[in-house]
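Written below as structure tokens is the structure these notes are about.
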Amino acid sequence: MENNKPQPSGVGIFNITDPKYGADSANSVIERTAAIQKAIDDASEYGCTKGNKNGIVYVPAGVYEIGNLILKSNTSFYLEGGAVLLASASDKNIYSNNGHKSSMGMDYTWWISTEFEAITDPAKGKYEVLSGSYDIKIFGRGTIDGNEKNMVRNLNFGNNTVVPIACSYFTMEGLTVTNSVMWSIVPVRSNDLRFSYLKMYNSLSPLRGENDCIDVCESQNVVVEHCIGISLDDPFTTKAWPLTTGITVQWPGFPEIVDNVVFDNCLSWTYCYGLKIGQGVDESHSNVTFKNSTVYDCAVGISIHHKYGRGTVENVTFDNITIERVNNKNEVHRTWFTAFIQSADRGPGKIKNVTVKNIDVLDKGTTGAKIFGYDENHIVDGITFENIRFFGSTKPANTLEQLDITNLNPYFANVFVKGDPTSAIQAIYFNSSDKVSITSNTDPEGGGVGIKGRDGGYALYNNVDFGNGVDKIDVRLSSLG
């Protein structure tokens, strides 16, 4: 429920329909955009005056077709229920051109972004940040509509709907964000951000296919909580990209790490990955948590997809997550879990210290879960699975086999499953071996391992913890001799 609605007028309130601004009576998109921007400018000037609280821009109910807006320091931007900011599809020349996304074949704009000042450093060939904005809030029960179909059909031009960039202490709360052409909400090289109670509704069959709901890019101390994300592409994810890609050439400053990011109580519905780190990992990701959330439908429920870059992904937690349906197929995956390293470009990197616990898997998919390192120097090192419950089973999974993790290569280590210590450990799930082959037999317990040669063959099972009170183990074996 809304409990922080400001008054539409008064000291420190800058209502865009006041005669001073006249956004509701503007004759053109350009005039209307300028009127709202003037209200933002005045609110920031008020908020930056010593002794004043943030200036509040008030947007009453109505549809406001506009171009770019720049949010400024010490400003709160409020959209009343029934207020709609609609991206204009009349002329792309009214927009700033902020980059090119080659995978979608179009230029795009940061439709609503935050103010920063930067210069180009000739020695470094890149924007050097002089100052960024701070203490900005955009909230209410209104709607921010990226007008995806008309933007693409009429202009062949895209938008990120909201871009907090090079800023600090940014809050976004309560709004509906819909119909983005590209990544929708994109925090970039910023810190201390909070996104709460957002309804992000993008198309499941867009004209172009990369409409992620919220991508936390190279930012720190970020909370995404109580949010619904619906999109064809990954609704909730973190990323880091190099200086030279089309989407980053105008990002101010230099690449930053992703650190201390929490996704809490989110609902994800997608054709692709429900809760995800990657694909871009040019800079390291650390201390990222996804918790108390539901993946309603997906191709992959939870994932670390280290596809681009040399960064390390470490200290990641997936906790208390329900995966309802794995109903789609993305690339070759249709499964509840993946953690894998690719070296498509600028890589490879590493994945280490991952915890996956308290997961309800109502649909495990059809392709088998996956753990893949890249080579012996770039491995997946350290995944602990604890209390993973599959639909139809009365006990948590106890082995990789029971976790349906069947896509493995040799480049992983220290993968643990915490389950019932008295359950069987299947022989084929060894950590290392020599002179061993996988065999099939008629034993009711299933297949086993065959050790070749009279001397030196072995299968090694690391870090087996039988818990307390276990004083014997039964080993099933057979021999031709």
Side-chain angles (χ1 to χ4, degrees), residues 186-191 193 212 214-224 234 236-245 247-248 251 253-263 273-291 300-319 321 331 333 337-357 369-386 405 407-416 431-432 462-463:
V186 191
V188 174
R189 296 178 186 166
S190 297
N191 61 274
L193 316 173
D212 309 17
I214 181 164
D215 289 3
V216 178
C217 295
E218 301 177 30
S219 296
Q220 307 82 41
N221 305 327
V222 182
V223 175
V224 181
D234 318 321
F236 299 98
T237 183
T238 62
K239 302 183 186 299
W241 296 101
L243 294 171
T244 55
T245 62
I247 60 174
T248 66
W251 287 7
F254 298 90
E256 299 181 14
I257 63 170
V258 175
D259 183 59
N260 192 25
V261 179
V262 176
F263 296 85
Y273 293 73
L275 306 172
K276 172 185 173 183
I277 291 175
Q279 301 173 349
V281 191
D282 247 68
E283 301 299 320
S284 292
H285 289 50
S286 58
N287 306 308
V288 179
T289 299
F290 298 85
K291 63 181 181 178
V300 178
I302 55 180
S303 178
I304 300 173
H305 186 183
H306 194 317
K307 187 173 183 178
Y308 300 101
R310 299 186 181 92
T312 296
V313 177
E314 61 183 329
N315 301 333
V316 175
T317 300
F318 297 94
D319 183 13
I321 294 166
E331 296 176 317
H333 303 120
F337 174 81
T338 60
F340 62 110
I341 303 169
Q342 294 175 270
S343 183
D345 191 13
R346 306 181 306 278
K350 298 178 181 179
I351 298 172
K352 60 183 183 180
N353 194 19
V354 179
T355 300
V356 183
K357 63 181 180 179
K370 179 176 183 177
I371 300 175
F372 258 56
Y374 182 76
D375 59 27
E376 60 187 10
N377 296 314
H378 303 89
I379 67 173
V380 179
D381 186 3
I383 302 183
T384 299
F385 296 94
E386 180 177 359
I405 297 178
N407 291 321
L408 296 161
N409 70 3
Y411 307 122
F412 71 92
N414 299 311
V415 174
F416 310 116
N431 294 97
S432 61
N462 291 338
N463 301 296

Side-chain heavy atoms of N407 within contact of F372, under 4.5 Å = yes

Closest heavy-atom pair, A339 versus I351, reported as atoms and distance to 0.1 Å, is C-CD1, 4.3 Å

Does D282 pair with R346 as a salt bridge, N-O distance under 4.0 Å?
-> yes

Indicate whether any N or O donor in one side chain lies under 3.5 Å from an N or O acceptor in the other, for N221 and N260.
-> yes

Is there a donor in the side chain of D259 and an acceptor in the side chain of S286, or the other way round, less than 3.5 Å apart?
-> yes

Below 4.5 Å, heavy atoms only, C-beta onward: do N191 and E256 meet side chain to side chain?
-> no

Contacts of Y411 that satisfy side-chain contact (heavy atoms from CB on, under 4.5 Å) - sequence neighbours left out | E376, I379, N409

E283 side chain vs V258 backbone, donor-acceptor pair below 3.5 Å | no

Between the main-chain N or O of P242 and the side-chain N or O of T248, is there a donor-acceptor pair closer than 3.5 Å?
-> yes

E218 side-chain N/O to W241 backbone N/O, donor-acceptor pair under 3.5 Å | yes

Pairing residues for E314 by the salt bridge (Lys or Arg N to Asp or Glu O under 4.0 Å) criterion, not counting sequence neighbours = K352

Which pairs would a plain distance check flag for residues 301-309, meaning a side-chain donor or acceptor within less than 3.5 Å of a matching protein atom at least two apart in sequence or in another chain?
residue : atom : partner : partner atom : Å
S303    : OG   : T338    : O            : 3.4
S303    : OG   : T338    : OG1          : 2.6
H305    : NE2  : Q342    : OE1          : 2.6
H306    : NE2  : G311    : O            : 2.6

Plane angle bin for F318 and F337 - parallel if under 30°, tilted between 30 and 60°, otherwise perpendicular = perpendicular

When rounded to the nearest 0.5 Å, the distance separating CZ of F263 from OG1 of T237 is 6.5 Å

Given side chains that start at C-beta, do those of I405 and I371 come closer than 4.5 Å, heavy atoms only?
-> yes

